[in-house]
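Below is one structure; the comments refer to it alone.
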Amino acid sequence: MEKNEKTSQIPGFYKLPIEKRRSIVKDFANLSDQDFNVFSEQMNIDLADRMIENVLGTFEIPFGIALNFRIDNKDVLIPMVVEESSVVAAASNAAKIARIHGGFKTSVSDPIMIGQIQVLDIPDLVHAAEEIIELKQNLLQIANEQDKILVNLGGGAKDVEVRILNSPLGAMIVLHLLVDVRDAMGANAVNTMVEALAPIVQEITKGKVRLKILSNLADRRIATATAIFDREKMGGEEAVDAFLESYTLATIDPYRAATHNKGIMNGIDAVLIATGNDFRAVEAGAHAYAARNGQYTSLTRYWKDGSGNLIGEIELPVAVGIVGGAGSIHPKAILCKRIMGIKSADDLSRSIASLGLAQNFAAVFALSTVGIQKGHMSLHAKNIAMMAGAKDTEIDKVAAQLVKEGKIRLDRAKEILKTLK
Ligand code: MEV
């Protein structure tokens, strides 16, 4: 790290009062008190009412910050909005271990999204497919007329591909429009383009256009992250081997892979929500990508380097935006993006991939050693204590007793609480 560079490594952060934590993050991100006040305020109800239908109110989820991330030689604080205990701590711990060997190194492809146009009842499939390719430039031109701003930014429709698929309804053509969406998630731009092209494609193919919509399998918009997890910090060679044994199950068994990838999405969804992105879209893309070779498998890969350290790698589609969508109007999402210091959707994708890898490493590491319940225990005990009716200082007292007894149960929490009254 260079002298005077800001660090995301803040020892004892979790022990500080919330006000102090806020002030550290505010300084890290060069935000003013006024900027930061947004985090103390509830979302304006009129804004909520404009965002969705039949609004009754807003719904709060805890917002925390993941520490220790060093991504492509720069320290980053990652905002996470998540209801599950241990997720933020686990990511921060993994990032701390990755830091020893320089943190995360990432790559991203161009931000290409795919729009699909489904055409049925085509009299001559091969001829229709040839015609589409022949008229590709015209189609691209018409698509690009729909979004001059995107084109001026260097994006826009770039290519057309034709797929012929068999179905119970007979063979059909699925046209793929490849659109560089720059810093947007891209759904609006792509959907507008494919809708504009639909009648023309129908005419060219002499078939019947049905669906025209973005694909969430954004396999042309891939982010990767790799990191070296220090062998000694993990507890030595045996711990690394135990990790690899546990991980291997996710590579061969969809039952385990689903849980393994769920752990990855624990982190990824949290930052997607914090930045106002469509987490369902990224979830759908990630899981479909995990099954791209015909069997659902792990989104991460691990192996040992020459020194016995563990190398981890994640590769997944990341369809996110920093302009447009809810992230541009939700005040907390706007601030979260400022905390991360992101200037482009690429920057966000790099952090997302790194966080996903960190989250996965932390889960598999815990599972291959002590199991996850130990880490979960104290926070879970606090939740149970609150459910039992404990207030203020009672919460920690009841939780501590539950952990001591190794029984995190509501009935026991109620009994302990009674003894404190
Ligand atoms: C729990 O939310 C996530 C884990 O189950 C992930 C995993 O098993 O790898 C711990």
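Counting convention: from 1, in listed order, for ligands and their atoms alike.
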Evaluation steps, salt bridge (Lys or Arg N to Asp or Glu O under 4.0 Å), between Arg350 and Asp72: CA-CA 9 Å; Arg350 291 174 194 279; Asp72 299 321; 3.8 Å; yes

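Ring-plane geometry between Phe69 and Phe104 is classed as parallel, the angle between the planes falling under 30 degrees on a 0 to 90 degree scale with a further cut at 60.
Contacts between Asn266 and ligand 1 below 4.0 angstrom, taking non-hydrogen atoms only, involve the side chain exclusively. The residue Met265 has no part lying near ligand 1, judged by heavy-atom distances below 4.0 Å.
Here the side chains of Arg182 and Leu150 are in contact, with some heavy-atom distance below 4.5 Å. Side-chain atoms of Arg220 and Ile114, non-hydrogen and from C-beta on, do get closer than 4.5 Å to each other. A heavy-atom distance below 4.5 Å is found between the side chains of Met265 and Val282.
The ligand atoms of ligand 1 that sit less than 4.0 angstrom from a heavy atom of Leu367 are 7 (C), 8 (O), 9 (O). Every atom of ligand 1 is numbered from 1 in the order shown, and the set under 4.0 Å from a heavy atom of Lys262 is 1 (C), 2 (O). Atoms of ligand 1 lying under 4.0 Å from at least one heavy atom of His260, given by number and element, are 9 (O). Using a 4.0 Å cut-off to heavy atoms of Thr259, the atoms of ligand 1 that qualify are 5 (O), 6 (C), 7 (C), 8 (O), 9 (O). Heavy-atom contacts of Glu84 reach the following atoms of ligand 1: 1 (C), 2 (O) (cutoff under 4.0 Å).
For Asn188, the CG atom sits in a loose shell: 12 or fewer heavy atoms of surrounding residues, nucleotides or ligands are nearer than 6.0 Å.
Checked against a 3.5 angstrom limit, the closest N/O atoms of Asn360 and ligand 1 fall outside it.
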